[in-house]
Each structure stands twice: as C-alpha cells, then as structure tokens.
Amino acid sequence: MKEKNIFEKIYDVVGQIPEGSVASYGQIAELAGNRRWARVVGYALHIVPGSAGLPCHRVVTKDGRVSDAFLSGGVNRQVELLEKEGVGIAGGRVDMERYQWKKCVF
DNA sequence: CAGTTGACATGGG
DNA sequence: GCCCATGCCAACT
C-alpha cells in the first residue's frame, strides 16, 4: 500500500470538507493521521494554488478564526465566502461548536 | 547535508 | 484576555 504523502492526505481531507462547515488545521492534521502536522497542513495549503480546488477558506485555526497569515490581502474574503456557504461568522470568528466539520453529519 | 522557516497547537505568565 | 516560549514535522534555501 502506498501511503499518500502528507500533502496528498491533507489535500484529500480538506477537499472533503462540505459546504457550511469548517475545520481547524489541527483537526485536518489529525484526520490526516497526525495532529503534529498542523504546521505542515498550513504549509501545504500555503503552497497549493487556488486551482487545486481546495476550500482553504473553510480551514481555520482552533479559535475559529481564519489564519492570521491568511490575511494576504483581505481576510474579509474568506469570512464572506463562509457566510455565503452558510457558515455563521461572529465577530470575525466562526462558531466552531456549530460549524466545525464533524464526520457525523447529525 | 544542515539550518531556517512556516496558512498551528498548547501551556504558562 | 493577551503575549511569550516550546513542540512537532515537512519543505525550502
């Protein structure tokens, strides 16, 4: 079995995030196999072009806030997109308890 | 090959 | 509640 590279795993996990839901870097890393990869996850998304189709705007920090480094030009962008997808934003923060991506879709 | 960096997470002050 | 320091792993220089 060929285990996908960390990047492939991350891309796969992030690509599985449904609309109206968000996931934290740590969670993605955990789903990918290791929670310590949180940094690698951020790096992966950083190098991945938007053409990859990865909803990077659905990836937030544990605080429920879009990554600080995401501000490359305008965080409002990600927040607005999330709002459009159905994610409620409060004070620039996402209601993690409500919208954090869970495998159990109720 | 070794050192530095990085879109994070957690704990302590 | 905010700031500093540490850990962890992979990619980049």
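Residue numbering restarts at 1 for every chain, and letters A, B, ... go by the order of the sequence lines.
Atom NE2 of His46(A) is separated from atom C1' of dA7(B) by 7 Å (rounded to the nearest Å). The CD1 atom of Ile10(A) sits 17 Å away from the P atom of dG6(B) (whole-angstrom rounding).
Residues Lys9(A) and Trp37(A) are in side-chain contact: their nearest non-hydrogen atoms beyond the backbone lie under 4.5 Å apart. Looking at Ile28(A) and Trp101(A), their side chains never come closer than 4.5 Å, going by heavy atoms from C-beta outward. Contact annotation: the side chain of Leu82(A) never approaches that of Tyr99(A) to less than 4.5 Å [non-hydrogen atoms, C-beta and beyond].
The two atoms that bring Val41(A) and Ile10(A) nearest to each other are CA-CD1, 3.6 Å, heavy atoms only. Taking both residues in full, the closest heavy atoms of Ala23(A) and Ile17(A) are given as CB-CD1, 3.8 Å, listed atom of the first, atom of the second, then distance.
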Interface polar pairs with nucleotides 10-13 of chain B, N/O, under 3.5 angstrom:
residue, atom, partner, partner atom, Å
dT10(B), OP1, Lys62(A), NZ, 2.8
dT10(B), OP2, Lys62(A), NZ, 2.8

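The side-chain hydrogen bond (donor to acceptor under 3.5 Å, both in side chains) pairs that include a residue from residues 39-54 of chain A number zero, where partners must be two or more places apart or lie in different chains.
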Could you write nucleotides 7-13 of chain C as a row of B, S and -, 5' to 3', where a protein heavy atom under 4.0 Å of any base atom gives B, of only sugar-phosphate atoms gives S, and otherwise -?
BBBSSS-
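Under a 3.5 Å cut-off, the side chain of Arg93(A) and the backbone N or O of Gly91(A) do form a donor-acceptor pair.
Among Thr61(A), Val60(A), Asp63(A), the one residue that satisfies the side chain to side chain contact (heavy atoms under 4.5 Å, CB included) test with Met96(A) is Val60(A).
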